[in-house]
Amino acid sequence: MADTSLMDKLVSLCKRRGFVFQSSEIYGGLGSVWDYGPLGVELKKNVKDRWWNAMVHARDDIEGLDAAILMHPKVWEASGHVAGFTDPLVDCRQCKNRFRADDPKIKGTPGQPDAQCPVCGTRGSLTEPRMFNLMFRTFMGPVEDSAAVVYLRPETAQGIYVNYLNVLQSSRQRIPFGIAQIGKAFRNEITPGNFIFRTREFEQMEMQFFVEPGTDAEWFERWREWRMSWHHSLGLTPAKLQWHQHAGSELAHYAKAAFDVQYQFPFGWQEIEGIHNRGDFDLGRHQEYSGKKLEYFDQAQNRRYLPYIVETSAGADRVTLTLLVDAYREEEVEGETRVVLGLHPAVAPIKTGVFPLVKKDGMPELATTLYQDLRKQFSCFYDDSGAIGRRYRRMDEAGTPFGVTVDGESTANQTVTVRHRDSMQQDRVAIAQVPSYLSERLSALR
Ligand code: ATP
């Protein structure tokens, strides 16, 4: 299967099955903004729940937070985003398209007569690069002047830094401890694309871990290990995950060390999560700009210090895309192509389908009773329309790991078949045993 065609097939499956739709599609769409449909919202929610469980519920040393998207504009001065969150941009005077100055498709040097527009091919039509801030701006209150400018946050992390003392004091945590948050972020990306990989509105799952200076390198290594095993726990193909270390010029000015978790997408190895040792840059800057002391008092050592921060920053949409790409496969079954999303059962939007073989002979009644029983425990889907083979295929495309079918034997001997998505093997199971049969298999795979 050609790599580009895999992305095209995935985009089409996502629309067909209700995972992801283009935003405002009836108006022609909005550039690099996407909406999650009934199955997509479940899949992404499962990713976020799994992250929240691993980071907040399963640990004593991390607290949750949900900070607002709008923040005091000084936050973005302190963070460096007003001055530095920029990309160099060039315009084509001829066709009015806009590119990043370092776009490899541009031949020659933008601003010079030899430079050629990659879209219309005109020479000398590209402007000199100018810096473009990626933050979305809007105005707070009725007057649209510079004093009223606020930004849509380009990352969730700043909401954590400015609340660090509030959380510390109200939760009675001690260093080392962390704050975790899931929320929307916005970036006016110049060259977005690759479906939901790089979008202008997205969700981040970020955790900032506050440590004593000098212990940061050790915590950094621990977090690297924990975060990589979390990605493995999603069932992603291990050979398609790797570390990428930021070195030299790639390293942000504030970072002491940075590693990305990368996945091998059809369009190349790309970052899905970043782990950064940020030192005391963030708290130091907020202390300076706000004039408020943000030091921690270590009672045991009777000393004050500004904690260092180890950050883990993942994109919920990117991880969702990674799961979809990793799960997509096509198989030949009896001369037909079967499309399967081999999603890990823990993240699958629907855990089981329930089907009466035909709409008569008491089968729908039995299937409905079983469906009502199962849905108390799992997300289920009831389907009685079309040939049973087509119903199985629809569930295969949705990534549903099990399918329970009520057939002619069921009314006679109170048994059903349970079909396994990956092997297509069918087991005969007593109706009363179905909930425990499924829950055992689902929990074994957690
Ligand atoms: P990139 O180099 O891909 O632009 P970045 O280094 O700017 O990413 P960070 O600022 O470290 O990314 O953001 C942390 C995570 O947030 C990324 O690993 C990614 O999963 C997610 N993310 C960042 N920008 C976007 C975007 N435009 N669309 C979707 N997810 C994003």
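Reckoned from all heavy atoms, side chains included, excluding hydrogens, waters and symmetry mates. What you are looking at is a predicted structure, and each value in this text was computed from that prediction instead of being measured.
Closest heavy-atom contact between Glu273 and Ala314: OE1-CB, 3.5 Å. Contact record, Leu6 with Pro266: CD2-CG, 3.5 Å, taken as the closest heavy-atom pair. The shortest heavy-atom contact between Trp51 and Ala180 is CH2-CB, 3.7 Å. Here the shortest heavy-atom pairing between Pro176 and Phe209 reads CB-CE2, 3.7 Å. The minimum heavy-atom distance linking Val167 with Ser171 is given by the pair O-OG, 2.6 Å.
Between the side chains of Glu206 and Gln181, not a single donor N or O lies within less than 3.5 Å of an accepting N or O. A donor-acceptor contact closer than 3.5 angstrom links the side chains of Arg16 and Ser12. Checking Thr237 against Asp326 by side-chain atom types alone, a donor-acceptor pair falls below 3.5 Å. Side-chain contact check for His286 and Gln158: at least one donor-acceptor pair (N or O, by modelled atom type) lies under 3.5 Å. Using modelled atom types, one finds a donor on one side chain and an acceptor on the other under 3.5 Å when comparing Tyr161 with Gln208.
Arg421 places no side-chain N or O within 3.5 Å of a backbone atom of Met395 that could act as its donor or acceptor partner.
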Inset, instruction - Kindly indicate, with the supporting measurements, whether the criterion side-chain contact (heavy atoms from CB on, under 4.5 Å) is fulfilled by Phe21 and Lys15. - result: CA-CA 6 Å; Phe21 309 123; Lys15 180 169 179 190; 4.3 Å; yes

Inset, instruction - Please lay out, stage by stage, how Phe99 and Leu89 fare under the test side-chain contact (heavy atoms from CB on, under 4.5 Å). - result: CA-CA 6 Å; Phe99 314 91; Leu89 182 90; over 6 Å; no

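With respect to the salt-bridge test (charged N to carboxylate O, under 4.0 angstrom), the residues Arg304 and Asp298 do not qualify. For Glu212 and Arg303, the salt-bridge test passes: some basic side-chain N is under 4.0 Å from an acidic carboxylate O. Using a cut-off of 4.0 Å between Lys/Arg side-chain N and Asp/Glu carboxylate O, Asp422 and Arg329 are scored as salt-bridged. One finds a salt bridge joining Lys9 and Glu330 here, because a Lys/Arg side-chain nitrogen approaches an Asp/Glu carboxylate oxygen to under 4.0 Å. Salt bridge absent: Arg393 and Glu397 never bring a charged side-chain N and a carboxylate O closer than 4.0 Å. The pair Arg130-Asp91 meets the salt-bridge criterion, since a charged nitrogen lies less than 4.0 angstrom from a carboxylate oxygen. We find that Glu189 and Arg200 are not joined by a salt bridge, their nearest charged nitrogen and carboxylate oxygen being 4.0 Å or further apart. By the 4.0 Å N-to-carboxylate-O rule, Arg285 lies too far from Asp282 to be salt-bridged with it.
Residue pairs meeting the salt bridge (Lys or Arg N to Asp or Glu O under 4.0 Å) criterion with at least one member in residues 338-351, sequence neighbours excluded: Glu331-Arg338, Arg338-Asp396.
Aromatic ring centres of Tyr296 and Tyr305 lie closer together than 6.0 Å. Checked against the 6.0 Å centroid threshold, Phe136 and Tyr151 do not count as a close aromatic pair. The aromatic ring centres of Phe197 and Phe267 sit less than 6.0 Å apart. With ring centers used as reference points, His244 lies 6.0 Å or more from Phe259.
Qualifying ring-ring contact (aromatic ring centres under 6.0 Å, His included) partners for Tyr263, counting only residues two or more places apart in sequence or in other chains: Phe265. For Glu42, the side chain to side chain contact (heavy atoms under 4.5 Å, CB included) criterion is met by Pro349, not counting sequence neighbours.
Under the 30°/60° scheme for interplanar angles, the aromatic rings of Phe195 and Trp34 are found to stand perpendicular.
Side chains of Gln287 and Glu295 form a contact here, defined as non-hydrogen atoms less than 4.5 Å apart.
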